[in-house]
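What follows is a single structure, written as structure tokens, with notes after it.
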Amino acid sequence: MLEGVATHALKAPRAVRSAGAGLRLPHLAEVAATSPSVEWFEVHPENFLANPHARELLMKIAERYPIAVHTVGVSIGSVDGIDHAHLARVRELIEDLNPILVSGHLAWSTHQGVYLNDLLPLPYDDETLQLVSSHLHQVQDTLRRPYVVENPSSYVGFGTSTMTEVEFLGELARRTGCGLLCDVSNVFLSGHNMGYDPYRYIDAFPSGAVEELHLGGCAAEEDEATPDGTQVLIDTHGTTIAESVWHLYAHALRRFGATPTLIEWDNDIPDLGTLFSEVQRANTVAAETLTRTDTNPHVVAR
Ligand SMILES: [Fe+2]
């Protein structure tokens, strides 16, 4: 189905270049009323499918800000296929919003009609590649636009995988024409949890397909599977971004160039001022990194 790529000629342009903020329900009314100074927002469409008041506020906000849509319920990795009823509801919202891009995760989160409140891992092999590619073609054909696929946060992997995650993502982009979202925090915590170098992961990431970056807070917890005191990093989106992740973000910017960056904060949601201070820091790191060639924070970070 490579020919399917040609039908997605209306690829969303990079309408924004600086950092934006995840817009969550507790902030909707304040943002609609006060129009704070931030370039763009990203929303989870699932928050608005059965909430008419929230949707009305979102439509007002969308008149003033570019909006990106980040799905959490479109499970492109499920063996029993895409939930087309859910996808149709997402499409209806997208057609009203006209977002700058639509993204989701390289994961599975539904099985036999049951929605699991988690993004679960996939084996990286040819069979999975065919399955996910087929689902991505369906999603892109239904939404009538390219989909942007995000690298997952990882805690376990499959011993049967025959390719690395970045090889899998690169081949997925080549076969389907999808874009890629590099979640830098996911790279950092997955590198810690899975035992790989996050800088090398960024170096190998298919940079030509990168449409967006994510940054979010993570938390260290005791790993019950290892009694030696090893800690596992959890993708909580519930705190400020770690210093090590900011250094990795600078490395990602040098690799990918200026790229729209989104601050994700989904738990223990703070006031807008705290959220926007993280957005401002992302803009500051980008301004310093993309104009400075004489220093290398990568070296400092390690
Ligand atoms: Fe993310």
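The model shown is predicted, which means the values in this text are computed figures rather than measured ones.
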Original post:
Say you draw a straight line from CZ of Arg64 to OG of Ser35; how long is it, rounded to the nearest 0.5 Å?
Top reply: 3.5 Å
Subject >> Closest non-hydrogen atom pair, Asp125 against Phe168 >> reply: O-CE1, 3.8 Å
Subject >> Side chain to side chain, Phe256 and Leu180, heavy atoms closer than 4.5 Å >> reply: no
Subject >> Within-4.5 Å side-chain heavy-atom neighbours: Asn98 and Arg145 >> reply: yes
Original post:
Ser277 side chain to Thr274 main-chain N or O, any donor-acceptor pair under 3.5 Å?
Top reply: yes
**OP:** Indicate the atoms forming the closest heavy-atom contact of Leu25 with Ala54, along with that distance.
**Re:** CD2-CB, 3.9 Å
**OP:** Kindly give the heavy-atom pair with the smallest separation between Leu262 and Gly22, and that separation in Å.
**Re:** CD2-N, 3.5 Å
Original post:
Would you call the rings of His70 and His44 parallel, tilted or perpendicular, where under 30° means parallel and over 60° means perpendicular?
Top reply: tilted
Original post:
Is the side chain of Glu211 donor-acceptor paired with the backbone N or O of Gly179 at a distance under 3.5 Å, no angle test?
Top reply: no
**OP:** Inspect the contact between Glu288 and Arg281 and indicate whether a charged nitrogen and a carboxylate oxygen are less than 4.0 angstrom apart.
**Re:** no
**OP:** Taking all non-hydrogen atoms of both residues into account, name the closest pair between Gly273 and Asp271 and its distance.
**Re:** N-OD1, 3.0 Å
Original post:
Do Asn193 and Ser154 have side chains that get closer than 4.5 Å, going by heavy atoms?
Top reply: no
Original post:
So, the side chain of Arg24 versus the backbone of Asp266: is there a donor-acceptor pair under 3.5 Å, distance only?
Top reply: no
**OP:** Check Leu49 against His86 and note the closest heavy-atom contact, atom names and distance.
**Re:** CD1-CE1, 3.7 Å
Original post:
Does the side chain of Arg55 reach to within under 4.5 Å of the side chain of Leu93, using non-hydrogen atoms?
Top reply: yes
**OP:** Please answer: with hydrophobic residues joined when any side-chain heavy atoms are less than 4.5 Å apart, are Ile269 and Ile241 in the same cluster?
**Re:** no
Subject >> Name of the residue among Val74, Val139, Val69 meeting side-chain contact (heavy atoms from CB on, under 4.5 Å) with Val102 >> reply: Val69
Original post:
Any link between Leu131 and Leu169 through a network of hydrophobic side chains (Ile, Leu, Val, Met, Phe, Trp, Tyr) touching at under 4.5 Å?
Top reply: no
Original post:
Would Glu171 and Arg174 pass as an ion pair if we require N to O under 4.0 Å?
Top reply: yes
Original post:
Between Ser75 and Asp83, is any pair of side-chain heavy atoms under 4.5 Å apart?
Top reply: no
**OP:** Starting at CG of Leu248, measure out to CZ of Arg255 and round the result to the nearest 0.5 Å.
**Re:** 12.5 Å
**OP:** Kindly work out whether a path of hydrophobic side-chain contacts (I/L/V/M/F/W/Y, heavy atoms less than 4.5 Å apart) joins Tyr199 to Leu233.
**Re:** yes
Original post:
Shortest non-hydrogen contact from Asp235 to Ser153?
Top reply: OD2-OG, 3.4 Å
**OP:** Applying side-chain contact (heavy atoms from CB on, under 4.5 Å) between Pro36 and each of Val31, Val279, Leu275, report the one that passes.
**Re:** Val31
Original post:
Going hydrophobic residue to hydrophobic residue with side-chain gaps under 4.5 angstrom, can you get from Ile202 over to Met194?
Top reply: yes
**OP:** Hey, can you tell me if Phe41 and Phe276 have their rings parallel, tilted or perpendicular (30° and 60° cut-offs)?
**Re:** tilted
Original post:
Can you tell me if CD on Glu95 sees more than 12 non-hydrogen neighbours from other groups inside 6.0 Å?
Top reply: yes
Tabulate below the donor-acceptor pairs under 3.5 Å that side-chain atoms of residues 158-165 make, not counting sequence neighbours, or state none.
unit_1, atom_1, unit_2, atom_2, d
Ser161, OG, Tyr124, N, 2.9
Ser161, OG, Phe158, O, 3.3
Thr162, OG1, Tyr124, O, 3.4
Thr164, OG1, Glu167, N, 3.1
Thr164, OG1, Glu167, OE1, 3.4
Glu165, OE1, Tyr124, OH, 2.7
Glu165, OE2, Tyr201, OH, 2.6

Original post:
For the hydrophobic clusters of this structure (ILVMFWY residues joined by side-chain heavy atoms under 4.5 Å, transitively), does one cluster hold both Leu119 and Tyr155?
Top reply: no
Original post:
Quick one: does Val72's side chain get under 4.5 Å of Asn47's, heavy atoms only?
Top reply: no
